[in-house]
Amino acid sequence: MKKLVATTMLLLVLISSNSVNANPYDVPSSVRSGWNKNYGSNDHDMEKGLRLSYDVYNEKYINDGYRITSRDFGKGNLQYFNFTGYAVLFGHKRHTSTNNRTYIVARKVAGKNNIGSTKIFSADQFGNLSATEDLEYNNQGAGVWNECAASAINRNNLTCNMRYDNVGFSAYLPLKELFPDDYENAEWALFIVKKVDNWIVYTQLKTPFEFGNRAWGKGNLSMRSGGQANMVKTLDYPVTRRSFPRQLPSQVGQRYFAVDRLYQMVNQEETQTTIWLGMRTPEDNNATRWANSVYFGTAGTQARLKYTPTQAPPPPPTKPSKPDGMCKPPVTPPPRYNYEFDFEAREIDGKTVQANTTTRTTVKFYRKSFATKRNAVKEDIREDILYRQSLRSTQQAQFISERNTYNDLNAKYDAAVKSGDNAKAQQYADQMTPVLQRMANLECSINSLQVEIAHYQQEYNDLVQKETNLERVVTSYTLKFDGQTVAFKTIGLIEDEFSVAEIDWTLPRDGFVEGNINSNRYSYHGVTEETYENNMIDTPIYVASNESVLMCSPLGEASEMSGVVRTVNNSEEGERMYGERVVTSLSIPTNHMTRKAGYGFDYTISSVYQNDDPLSNGTGTKQVRSYFPTLSNYLPYPYRTGIGFGAFSVGGYEANLNRMNTTTFKLPTVYLEKFSGNVFDSNTSSHPQRNLSDVLINGGTKFYIPFDYPNGTLGFDTVATGAGINNMTTCVSGGVNVEGTPINDLNGDDEFYQRPLSPNEPFPNGVGWNMLSSVNEIDSMKTWYNNWSNNPVDMAGSYRDTFYLTHDKIVEIQQYAKNNPLRKGKSLFDNVVIPRKK
Amino acid sequence: MAKFLMAGGVMLLAMLFITFVFAYDEATIVATDNKVSLDNATRNALNESVNIGHLRVNEEVTIDPQIARESFVRNYADSVGFKGGERYINLYYLNEKPIIASDAYTTYEGHTNFTNVEDTITRSRNVYIIEAKNLTR
């Protein structure tokens, strides 16, 4: 136990001593105003400076990853929610002790008021952590391999490696500032912001931990970042499947994690700066394989810190008591209820389109209903009126009764006076005094009640009048992009009505689109909205990435690319992001993987497109082209060089593949001359080399290898372009092994060979498969083969063809052959007459 | 006299021997020329007539009989070296299958002895095929 306490103390001392200038309130104005201008993530390109990689540690410094602790940062001793991690803008720039800082932003997403408001806290450098070695591509031990120049900006680590020093952070979120009201259900979504010099990028914060019902204040704190927080996937390629953290790639070979596949995280290693993830890997029989977390993204959700009060707020003060019938001056309090109305921007979406083209933004506006509350107030007023009316009737009856009593006593008094009975008259006079007083009280009270009834009736009428005037309120709304107004329109809403506005406008670049109702903040019939905090809602919006994969995937591995098609921010449900992805793969039949030069091989491109957004009209790959290093005559495919697609380029003979169905592409059908073997792209080809005497046969969708192609691999690249809203490009490489030729190969690497045959012993080594149907015919040649004629002149009839050649005829044939090469469609026999006999 | 008769007899025997040797050599040359030419013609006709397009598409060998027929004649004529004689070259078996059976006869008017002149016939015959190496496809 002592050891545990000592360890904890040491840990706390380490946390405190390692913190440098830790003050969560030290946030520069550039971050306050510009923290959400550039959205990044672990999926973004390093070359654009948007690759924000971070980890929140689960065990490295704090058990379970977080703690609630008391600290004094100049605002007294307050309680803070504290966690540690590291963050870098991977590939953007060299990180030094002076140029990089990390910030945590909290955006209020639920509560009674101030929804959408943000608070920014500095999470200062911590622990002297360096991620240089962890992020180094082809790390070969101490030092930086292939280091970038100190001034280099936005480089992929495949190009060169940067230094990332002092990138650790410790975040302190002041709980009382986030949850000042002990009785308010409130929830904050968390973002992480990274600033390197003047470049600021943000993304949603996801943590490895979550918790619920931790007692704090007058309720419970909870944190969720859950979902499938233990499921991770990579969008990078290639990420090596290591047997242990930081294993040298050369010890592993070319074994990589599949792109976009979810892996279950079963272990973590936090000894260095970045976390290494151990994942159950189906490719290796579910063994644990390791990778750096910077190449993976968790499938969890954005972290949300929530406070739930467990105690009810104190009861409201009791209403003033109703009048007791005694004479009081009329009470005419101010109206108990001010007419309430409130507009709300409930939801907005940002649809990805090509830059400088029209996007349609949908904004859902809402007018809250206060009818229930108002009806209760009206009922309350009516009750007040009815009660007073009833009381007035009662008192009026009492007044009449008292007056009758008085008149009766008065008559008795007059009679006693008339009879001279003063004692009796005094007795009646004494009785009349309180009656007169009660009459006066009742009269006063009735008058007061009448004033009050008129007052409450007026209150009631005023409320009804407001209901009439404000039944439907026409107001303005604006749509802004990065603060610039792109649309200004009007809209009319009754209570509890949703109205969906669809606005077409031109999107110039990535940014934020914002919808704002009652943008002029007008009052209507003297009534002002309850709050303007909920009049605005925004969401990030992206231009199409037009992105290509970094390199073509080798045969057997798919090429994958993904992008954002739409973001949605709903004030009640939070932010959602819809994505699309395309997965392209190449398949070659197993028996076509090795081919003779001259033969063809078949292959199929599968390009599967998925879109999470039910409203998106994105479609899959539009065009597929293959690039070959060689080509059989006479296909008209042009030879192209250096065709660039982002990070890679291809070249060769370019063939457009045909779409067979939604996802499948194949080469176009080709046609071969039966005798010459020349290849054409059409069965009606008018190519100058086309010999019309040679029939064309359908060659299918195969690629025909030239006969002179040398032994070795024939590799080719296939590029699939135009997928989805983001115009994504994928690329797969294929290859077949070329070995030998079909007939009479010089090295004997052939399938057919020519040989002399004796019908007497035709197949001493067995019958070749193509001769199986000819065995009987060859056997029937024996008679001819074994007998000779002594008179060749008369044998002509027993042959298929007989040619009688004299010396002159031989010379004539030789002369013709010299000038006329053997060609289908042009016959020797049309020009040289050769008799069958002398 | 006896010596003259002896010398004449020896001379006559020598002349007969020389004539025989010459006649025998000429026949051998004609026969070899015919055999080689037929062999060349058949082999080349088989190779040159392969339907390359059919081979590329169907991966089996067929031949074009018209091309094979012309190639056979061309190659025989091209291969012939001996100018004398008359020749009958025959195609016994020829269709689309990669099999050609052929023979050739050459009639040559030669001197087989000192006094008689008669036709010498040389003959050659062969069958060539293009066969798959594998027994099953």
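Note that this is a predicted model, so its numbers are computed, not measured. A, B, ... follow the sequence lines: proteins, then strands. Residue 1 opens every chain.
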For chain B, the option from A:I810, A:L757, A:L672 that forms the most heavy-atom pairs under 4.5 Å | A:L757
Contacting moiety of B:S102, where chain A heavy atoms sit under 4.5 Å | backbone
Structural part of A:E812 lying under 4.5 Å from a heavy atom of chain B | neither
Top contributor to chain B interface from A:M771, A:R755, A:H807 [non-hydrogen pairs under 4.5 Å] | A:R755
Most contacts with chain B, counted as non-hydrogen pairs under 4.5 angstrom, among A:K818, A:E673, A:R823, A:E777 = A:E777
Report the option among A:S758, A:G600, A:S676 that has the most heavy-atom pairs separated by less than 4.5 Å from atoms of chain B.
-> A:S676
Taking the side chain as every heavy atom from C-beta outward, state whether A:S789 and B:Y105 have any pair of such atoms under 4.5 Å apart.
-> yes
Under 4.5 Å to a heavy atom of chain A? For B:I129 that would be both
Would you confirm whether B:R87, through its side chain, and A:L805, through its main-chain N or O, come within 3.5 Å as a donor-acceptor pair?
-> no
Between B:R56 and A:I697, is a side chain to side chain contact (heavy atoms under 4.5 Å, CB included) present by the stated rule, with each step listed?
-> CA-CA 11 Å; B:R56 300 185 86 172; A:I697 56 178; over 6 Å; no
Chain A contact via B:N47 - which portion, at a heavy-atom distance below 4.5 Å | both
B:R125 side-chain N/O to A:Y785 backbone N/O, donor-acceptor pair under 3.5 Å | yes
Does any heavy atom of chain B fall under 4.5 Å from the side chain of A:D750, the backbone, both, or neither of them?
-> both
A:D801 side chain near B:F72 side chain, heavy-atom distance below 4.5 Å | no
Is there side-chain contact between B:Y92 and A:R800, with at least one heavy-atom pair below 4.5 Å?
-> no
Side chain, backbone, both or neither: which part of B:I121 has an atom under 4.5 Å from a heavy atom of chain A?
-> side chain
Would you sort out whether B:D103 and A:W788 count as a side chain to side chain donor-acceptor pair (under 3.5 Å), showing the intermediate values?
-> CA-CA 10 Å; B:D103 58 21; A:W788 295 96; over 6 Å; no
Turns out that what part of B:N134 lies under 4.5 Å from chain A's heavy atoms comes down to both
If you tally heavy-atom pairs under 4.5 Å against chain B, which of A:I743, A:T806, A:V832 wins?
-> A:I743
Most heavy-atom pairs under 4.5 Å with chain A, out of B:E48, B:H54, B:E70, B:E60, belong to B:E70
Ignoring hydrogens and angles, tell me if any N or O in the side chain of B:R43 forms a donor-acceptor pair with the backbone of A:P756 under 3.5 Å.
-> no
With the side chain counted from C-beta on, respond yes when A:F675 and B:N51 share a heavy-atom pair under 4.5 Å apart, and no when they do not.
-> yes
Applying side chain to side chain contact (heavy atoms under 4.5 Å, CB included), run through B:Q66 and A:F829 and close with a yes or a no.
-> CA-CA 10 Å; B:Q66 293 304 318; A:F829 305 111; 5.7 Å; no
Considering only heavy atoms, which portion of A:S827 lies under 4.5 Å from any heavy atom of chain B: side chain, backbone, both, or neither?
-> both
Could you tell me whether the side chain of A:K596 and the main chain of B:E59 form a donor-acceptor pair under 3.5 Å?
-> no
Sort A:P759 into side chain, backbone, both or neither according to what part of it lies under 4.5 angstrom from a heavy atom of chain B.
-> side chain
Highest number of heavy-atom pairs under 4.5 Å with chain A: which of B:T62, B:T42, B:V50?
-> B:V50
Output yes when a side-chain donor or acceptor of A:Q814 lies under 3.5 Å from a complementary backbone atom of B:A77, and no otherwise.
-> yes
The interface call for A:I705 against chain B, heavy-atom contacts under 4.5 Å, is backbone
Assess whether side chain to side chain contact (heavy atoms under 4.5 Å, CB included) is satisfied between B:V127 and A:W784, documenting all intermediate values.
-> CA-CA 11 Å; B:V127 179; A:W784 161 78; 3.8 Å; yes
Please test A:F752 against B:E131 for side chain to side chain contact (heavy atoms under 4.5 Å, CB included), starting from the C-alpha separation and ending with a verdict.
-> CA-CA 5 Å; A:F752 301 96; B:E131 186 179 11; over 6 Å; no
For A:V679, is it the side chain, the backbone, both or neither that has a heavy atom under 4.5 Å from a heavy atom of chain B?
-> side chain
Measure A:D808 against the heavy atoms of chain B and call it side chain, backbone, both or neither at under 4.5 Å.
-> neither
If we only count heavy atoms from C-beta on, is the A:K809 to B:V73 side-chain gap below 4.5 Å?
-> no
Is any side-chain heavy atom of B:T107 less than 4.5 Å from a side-chain heavy atom of A:K838?
-> no
Anything in residues 683-692 of chain A with a heavy-atom distance to chain B below 4.5 Å? Please list those residues in order.
-> none
Expected output: side-chain A:N770 to main-chain B:I130 donor-acceptor under 3.5 Å | yes
